[in-house]
Amino acid sequence: MPCDSCRDPGEDLASSLDRQNWSSPFCFKAEHHVGRPLLPPFPLSPEQRSMLFLEGLFGPGIFRNTLISLPLRPEMTRARVQSAITRLQRRQEALRSALVGRAPYLQRIEAVAPQLRTVIASPGECAGDLLAARRADRLGAAQVREIPGRAEYELIEDSDGPERFLLVALDHLVCDGHAERVLTAELTTLLEDAPGRRGSESGELTVGYRQLCAQRVEAAAHAERETRYWSRSLDRLEPISGLIPRPGGSAAGPTGGLLLGQVQKLYRGPALHALVGAVCRAQGATAFSVLAALTAAAIWHRGGPRTLALFTPVSTRQRSGFGAAAGCFVHDRPVVCHIDPDQALSDCFKSVMGQNLAALRFSALSVADLACAVPPLGAALLSDGIDYVQLHVGMPAEAAADPAATTRSAADATAQVPAPDEREPRDLGPFRPAQDLSVTTLRFEFTPEATTVRAFCGGPPGGMAVAESLADDVLALLAGVLRNPDDTVAALVENSLPR
């Protein structure tokens, strides 16, 4: 709390914080703490260490900033916006954090006030167009993490019109997908300034960011069972290599000519959502396990190993207190896929589903620590020439209370993959890995309204085409499962994919 020297006689805590522009319920004035230490630094969470390890391995730009943009009504003045972001940053310690120096080991919380920058559209440019341009600029903006403050705030305004937006750029180091949703909800409530609603007050969270990081560090210190499990599970793991071609072999290396790129395809309507739902119900498996097994089969079809690991982000927010706090509490875990050509599809899907559940359970150690403890995983991550493949699957659960929804979904299912309604390629700049490797990410988001498929690749120029065609193969296999649900893995591949 602010000490007596920081507060006027009879002044309450909230007024003291507002008057001094404090964004922390602690006093940071050294002259008021003679003989008493300032708040000490504390370790990064294993999840943050995982992110920084992979960022160092894959190169800058591999992790993008998280963006929140909110429209502002006329009564939401600049002063009201400033008040909202100040209270948000006061409540969420993660937004006031910084690394201690440039070494990725320790972090600290500072009393730093948020700065609101106003950006005004040029004559003839609307605020919406300026917002799109600013989003594109801030998405890949570099972070100087030794400077306190992991959020940047911009007020986007028309030059002569009423349209206005608030744009918030958040460092991925303290903002996973759950944190993005939490901060968006809190900021929306704060802008509404509705007293008594959750998030409208500047009170502390039940468990602060510092304590949550400490809990994760403690969990990683007692992860002997996790190490034993992954040592057994990854015993036969083979690195993926040769999926993304390197011109002239490995000579392309981590030097020039490597690119980051992305292709996003949009399929409007319920067809693909209905397809994956029908397959999951018929096979008794989750959407992720089905898509993971089919991705592994597509890689095997292209000459990949029979026992391989796909990597997927796993949230570690299962414990009480993690739900309301900003922070990065997610990191990659391997999902082991073993391709037995003669195995029935349902058995293959259920085997992968068990592996995915284990990845959720054994997720305390950082990726770097796990790679050291389990040599086959280290080889799959750190060998020259490897291809790192990550998979994301989003599939909202259908309402169990509405049997008609399932009936309608089944009726909409078709064993054909429609042509995409939109295809948007994007050049994301140079790819600068620490060694000869490639990174491929496939992201499938299924909703009744539309399905989005995003293929990302960091590697040689031809890698983007491979990543896009790999995503197409997964959808083709998915349709093949609906046509022939009792096939073996080999029969599905033979009947669904070109030789």
Side-chain angles (χ1 to χ4, degrees), residues 14-15 17-24 64-97 111-141 143 147-172 174-205 323-327 449:
S15 299
L17 290 172
D18 288 337
R19 175 178 57 79
Q20 299 176 79
N21 203 20
W22 286 103
S23 53
S24 170
R64 321 296 277 182
N65 295 323
T66 299
L67 303 178
I68 297 172
S69 53
L70 298 173
L72 300 175
R73 298 195 304 274
E75 66 269 23
M76 294 177 177
T77 63
R78 178 185 174 86
R80 186 164 166 179
V81 174
Q82 181 68 60
S83 174
I85 64 175
T86 298
R87 285 182 286 165
L88 179 74
Q89 195 151 305
R90 181 182 301 156
R91 175 177 166 83
Q92 295 285 359
E93 285 184 334
L95 304 186
R96 295 181 274 112
S97 64
V112 56
Q115 302 297 313
L116 180 60
R117 177 179 178 230
T118 299
V119 186
I120 300 175
S122 304
E125 179 186 31
C126 70
D129 292 340
L130 177 58
L131 173 65
R134 293 304 300 158
R135 286 182 62 91
D137 178 74
R138 302 319 298 161
L139 183 64
Q143 292 284 344
I147 296 177
R150 307 270 54 81
E152 297 179 357
Y153 307 90
E154 292 185 352
L155 187 59
I156 310 292
E157 296 185 341
D158 268 334
S159 58
D160 54 2
E163 195 174 32
R164 298 157 66 243
F165 298 93
L166 173 63
L167 174 62
V168 184
L170 298 149
D171 188 348
H172 190 65
V174 298
C175 188
D176 56 26
H178 181 90
E180 177 187 359
R181 294 187 290 274
V182 167
L183 294 173
T184 300
E186 287 194 7
L187 190 52
T188 300
T189 300
L190 289 165
L191 287 168
E192 294 292 341
D193 200 23
R197 290 180 59 183
R198 179 182 177 273
S200 65
E201 301 301 325
S202 57
E204 295 178 65
L205 297 169
E449 295 75 29

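Only a predicted model underlies this, so the values are computations on that prediction, with no experimental measurement involved.
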**OP:** Heavy atoms only: give me the nearest R135-L167 pair and the separation to one decimal.
**Re:** CG-CD1, 3.9 Å

**OP:** Please test E192 against R73 for side chain to side chain contact (heavy atoms under 4.5 Å, CB included), starting from the C-alpha separation and ending with a verdict.
**Re:** CA-CA 10 Å; E192 294 292 341; R73 298 195 304 274; 2.9 Å; yes

Subject >> Spacing of S83 atom OG and L88 atom CG [to the nearest 0.5 Å] >> reply: 11.0 Å

Original post:
By salt bridge (charged side-chain N to carboxylate O under 4.0 Å, His left out), which residues pair with E449, not counting sequence neighbours?
Top reply: none

**OP:** Answer yes or no: is there a donor N or O on one side and an acceptor on the other, between the side chain of R150 and the main chain of D171, under 3.5 Å?
**Re:** no

Subject >> Gap separating the SG atom of C175 from the CG atom of N65, nearest 0.5 angstrom >> reply: 9.5 Å

**OP:** Look at the side chain of Q92 and the backbone N and O of A324, then say whether any donor-acceptor pair between them is shorter than 3.5 Å.
**Re:** yes

**OP:** Could you tell me whether the side chain of L166 reaches within less than 4.5 Å of the side chain of L187, counting heavy atoms only?
**Re:** yes

**OP:** Sorted by first residue and then second, give each salt bridge (Lys or Arg N to Asp or Glu O under 4.0 Å) pair with at least one member in residues 118-128; sequence neighbours left out.
**Re:** none

Subject >> Test log, rule side chain to side chain contact (heavy atoms under 4.5 Å, CB included), inputs R80 and E75 >> reply: CA-CA 9 Å; R80 186 164 166 179; E75 66 269 23; 3.7 Å; yes

Original post:
At their closest point, which heavy atom of A326 faces which heavy atom of A179, and how far apart are they?
Top reply: CA-CB, 3.8 Å

Original post:
Do the side chain of R164 and the main chain of L155 share a donor and acceptor less than 3.5 angstrom apart?
Top reply: no

Listed pairs under 3.5 Å, donor-acceptor, residues 126-134 side chains, sequence neighbours left out:
residue	atom	partner	partner atom	Å
R134	NE	E154	OE1	3.0
R134	NH1	D137	OD2	3.3
R134	NH2	E154	OE2	2.6

**OP:** Mind listing the closest non-hydrogen atom pair of L170 and A151 along with its distance?
**Re:** CD2-CB, 3.7 Å

